[in-house]
Amino acid sequence: MSKQNPRKQTAAKQATAKQTAGAKNPGTRPGTGSAGAGGGRIPAPAAAPAAPAAPAPEADGAAAKEFSRRRLLGTVGAAGAAGLVVGGAGGAAGVSAAQDDAPKALSTLGSTKVPFRPARAGHQAGITTPLQAKGHLVAFDLAPGSDRKAAAALLRRWSRTAEELMAGRAPDADTGVALDAGPSSLTVTFGFGHSFFGRTGLTKRRPLELDPLPDFSADALDPKNSNGDLWIQIGADDALVAFHALRALQKDAAGRARLRWQMNGFNRTPGATAHPMTTRNLMGQIDGTNNPKPSDQDFDERIFVGRDADQAWMRGGSYAVVRRIRMLLDDWEKRSRHDQERVIGRRKDNGAPLTGGSEGTPMRLDANGPDGMPVIPANAHARIAAPESNQGAAMLRRPFSYHDGFREDGAPDAGLLFICWQADPLRAFTQVQRKLDRGDALSPFLRHEASGLFAVPPAAEPGDYVGRPLLEG
């Protein structure tokens, strides 16, 4: 049997205290409470099973057996099946405990762990890590009066917290949000914005690659939701684990940095499809087919900063471009599938290029139809964004979808939290976006509403923190 997750040990202590209190006051039991539904009266069951008694402490003084999350969920489920008795001054629920209370090993989904200090060339996690189901992007500005020393203290604390969380351990003063959960492929990635260097007196160590992105004609950017001194990307395959990390890092920043903006995203949960496949975006299109692969001979050269970089502290790091891109889904969904495929240049069902084959088949950009016109239209998104159309420019796209409710006109406020990684934004993102800006058939269905560019240094060395070579070098 696998060792108990440290988060569960905390849960056991809390549960023991609640059980002991319940034994002293029989009117209070874990997992019960008053409830009502639409003001209706719910009939009581003919005979409600007796509530389980709180276990007595061990004779040797050890902690009582854990009232596990698994057992609590079983109790609630039984209550729902049997019905509730609702009274005027307070109700009592007839419940039955789940029979199987023995601790079990975490599933693969929960137990998967991504190291904070990865072995592969020292790159931070969250760049080549497979897409996770849940993501948070958050930017901070250093508090007024903060200097390089204060920034170093914050990065040291953040790095320590991130390492604990990614290992599945609870940090100090834990909130308990992720009790019972394993690490669930959690990653935490840190980056520095253009303004960070001026605030910390490190302007001479700011890389040229971090110069602000140019303006594009399709931009409708909100400055309050763009850029920032510090950037964090959080990803996990469990929503509570991801939120737990977000909350812990926000608490660490208190007094040192102030929240500038925060965005929430999602992808498919691993295992939701019959076999692993490229994710789909909210337009229903397979998204990311042309991504460079770590197995490519020139992958590192395209995505990570080389050893010849002017700023030594960025060698092995990467640059992240972040864009909040709202999709005009009402307009898009009015188009026929045939029209949508011609806008993209790929089939909607399997992602294959319109020139035939499967998703991985190379596009035949020179193929013409019987009418003499290109099979893949000249303004198709896939054609314009392809490396062949951009002097080989490529970037690693690693996005999340988002949905932030509905706008006043009833249209969904939804789209893509676009994140791309590259060794040089000018030669990758900027070059491709300039070309898309001049005639991409997809552009009328998109609105770029927020933007940021961040220098993401390599992972911390053992016993070190992210960014130390910059802040203390």
Side-chain angles (χ1 to χ4, degrees), residues 115-129 139 148 151-152 155-156 158-159 187-214 227-233 291-323 387 390-398 419-434 451-473:
F116 177 69
R117 307 174 197 275
R120 186 183 183 278
H123 309 312
Q124 284 196 61
I127 301 176
T128 59
T129 308
R148 186 165 72 172
L155 267 298
R156 187 180 297 111
W158 269 350
S159 296
T187 60
V188 181
T189 316
F190 299 101
F192 304 113
H194 185 275
S195 56
F196 175 83
F197 297 83
R199 294 181 188 275
T200 54
L202 292 167
T203 304
K204 292 183 179 180
R205 306 199 69 186
R206 183 169 58 211
L208 293 176
E209 291 83 358
L210 205 55
D211 284 353
L213 298 172
N227 301 311
D229 294 345
L230 294 158
W231 175 69
I232 303 176
Q233 173 193 251
N291 254 348
K293 299 174 177 57
S295 58
D296 295 343
Q297 187 174 358
D298 59 353
F299 180 82
D300 281 3
E301 179 184 343
R302 292 182 172 195
I303 308 306
F304 296 107
V305 178
R307 294 185 176 276
D308 59 346
D310 292 338
Q311 298 293 345
W313 65 271
M314 268 298 290
R315 294 170 186 169
S318 188
Y319 291 92
V321 173
V322 181
R323 309 277 279 184
N390 293 278
Q391 300 177 334
M395 49 197 161
L396 179 64
R397 300 172 71 261
R398 196 177 181 278
I419 309 163
C420 71
W421 300 89
Q422 59 260 287
D424 185 346
L426 181 63
R427 296 181 181 178
F429 171 80
T430 299
Q431 180 166 320
V432 175
Q433 187 59 34
R434 276 178 173 157
S451 179
L453 171 61
F454 302 96
V456 177
E461 296 289 337
D464 230 340
Y465 64 90
V466 174
R468 187 201 62 78
L470 167 65
L471 291 163
E472 298 183 24

A.B. asks: Is there a side-chain contact between Pro214 and Arg434, using heavy atoms and a 4.5 Å cut-off?
C.D. replies: yes
A.B. asks: Where is the tightest heavy-atom contact between Ala394 and Ala428, given as atom of each residue plus distance?
C.D. replies: O-CB, 3.6 Å
A.B. asks: Count the heavy atoms belonging to other residues, nucleotides or ligands that lie under 6.0 Å from CD of Glu461, then report whether that count exceeds 12.
C.D. replies: no
A.B. asks: Begin from the C-alpha positions of Leu453 and His194 and carry the test side chain to side chain contact (heavy atoms under 4.5 Å, CB included) through to its verdict.
C.D. replies: CA-CA 8 Å; Leu453 171 61; His194 185 275; over 6 Å; no
A.B. asks: Between His123 and Thr128, is the side chain to side chain contact (heavy atoms under 4.5 Å, CB included) condition met? List the steps.
C.D. replies: CA-CA 9 Å; His123 309 312; Thr128 59; 5.9 Å; no
A.B. asks: Where does the angle between the aromatic ring planes of Trp158 and Phe190 fall among parallel (under 30°), tilted (30 to 60°) and perpendicular (over 60°)?
C.D. replies: parallel
A.B. asks: Check step by step if side chain to side chain contact (heavy atoms under 4.5 Å, CB included) holds for Leu426 and Leu208.
C.D. replies: CA-CA 10 Å; Leu426 181 63; Leu208 293 176; over 6 Å; no
A.B. asks: List the steps and the verdict of side chain to side chain contact (heavy atoms under 4.5 Å, CB included) for Ile419 and Trp421.
C.D. replies: CA-CA 7 Å; Ile419 309 163; Trp421 300 89; 3.7 Å; yes
A.B. asks: Could you state the interatomic distance from CZ (Arg398) to OG1 (Thr189), rounded to the nearest 0.5 Å?
C.D. replies: 7.0 Å
A.B. asks: Could you tell me which non-hydrogen atom of Pro207 sits nearest to which non-hydrogen atom of Met314, and how far apart they are?
C.D. replies: CG-CG, 4.2 Å
A.B. asks: Does a sphere of radius 6.0 Å around CG in Asp310 hold more than 12 heavy atoms from other residues, nucleotides or ligands, not counting ones at 6.0 Å or beyond?
C.D. replies: no
A.B. asks: Measure from the side-chain N and O atoms of Arg117 to the backbone N and O of Asp464, and report whether any donor-acceptor pair falls under 3.5 Å.
C.D. replies: yes
A.B. asks: Which heavy atom in Trp231 sits nearest to a heavy atom in Ala320, and how many Å separate them?
C.D. replies: CZ3-CB, 3.8 Å
A.B. asks: Sub-3.5 Å donor-acceptor pair from the side chain of Ser318 to the main-chain atoms of Val456, do we have one?
C.D. replies: no
A.B. asks: Looking only at atom types and distance, does a side-chain atom of Gln422 sit under 3.5 Å from a main-chain N or O of Arg427, one as donor and one as acceptor?
C.D. replies: no
A.B. asks: Roughly how far, to the nearest 0.5 Å, is CZ of Phe454 from CG of Leu210?
C.D. replies: 9.0 Å
A.B. asks: As an exercise, state the distance from CG of Leu396 to CZ of Arg302, rounded to the nearest 0.5 Å.
C.D. replies: 11.5 Å
A.B. asks: Give me the atom names and distance for the closest heavy-atom approach of Gly467 to Phe192.
C.D. replies: CA-CZ, 4.0 Å
A.B. asks: Ala151: which residues meet the side-chain contact (heavy atoms from CB on, under 4.5 Å) condition with it, sequence neighbours left out?
C.D. replies: Leu142, Phe196, Thr200, Leu471
A.B. asks: At their closest point, which heavy atom of Leu213 faces which heavy atom of Ser451, and how far apart are they?
C.D. replies: CD1-OG, 3.7 Å
A.B. asks: Suppose we screen for side-chain contact (heavy atoms from CB on, under 4.5 Å). Which residues come up paired with Ala309, at least two apart in sequence or across chains?
C.D. replies: Val305, Arg315
A.B. asks: Are any non-hydrogen side-chain atoms of Leu155 and Leu230 less than 4.5 angstrom apart?
C.D. replies: yes
A.B. asks: What heavy-atom pair brings Pro458 and Val466 nearest, and what distance separates the two atoms?
C.D. replies: O-CG1, 4.4 Å
A.B. asks: Using the six-membered ring wherever Trp is involved, compare the ring planes of Phe299 and Phe304 and label them parallel, tilted or perpendicular (cut-offs 30° and 60°).
C.D. replies: perpendicular
A.B. asks: Just how far is it from atom CD1 of Ile303 to atom CG of Asp296, taken to the nearest 0.5 Å?
C.D. replies: 9.0 Å
A.B. asks: Between atom OG1 of Thr430 and atom CG of Asn390, what is the distance when rounded to the nearest 0.5 Å?
C.D. replies: 11.5 Å
A.B. asks: Which salt bridge (charged side-chain N to carboxylate O under 4.0 Å, His left out) pairs, counting each pair once, include a residue from residues 194-210, with sequence neighbours left out?
C.D. replies: Arg199-Asp229
A.B. asks: Look at the side chain of Gln431 and the backbone N and O of Ala393, then say whether any donor-acceptor pair between them is shorter than 3.5 Å.
C.D. replies: no
A.B. asks: With a 4.5 Å heavy-atom cut-off, do Pro457 and Leu470 have their side chains touching?
C.D. replies: no
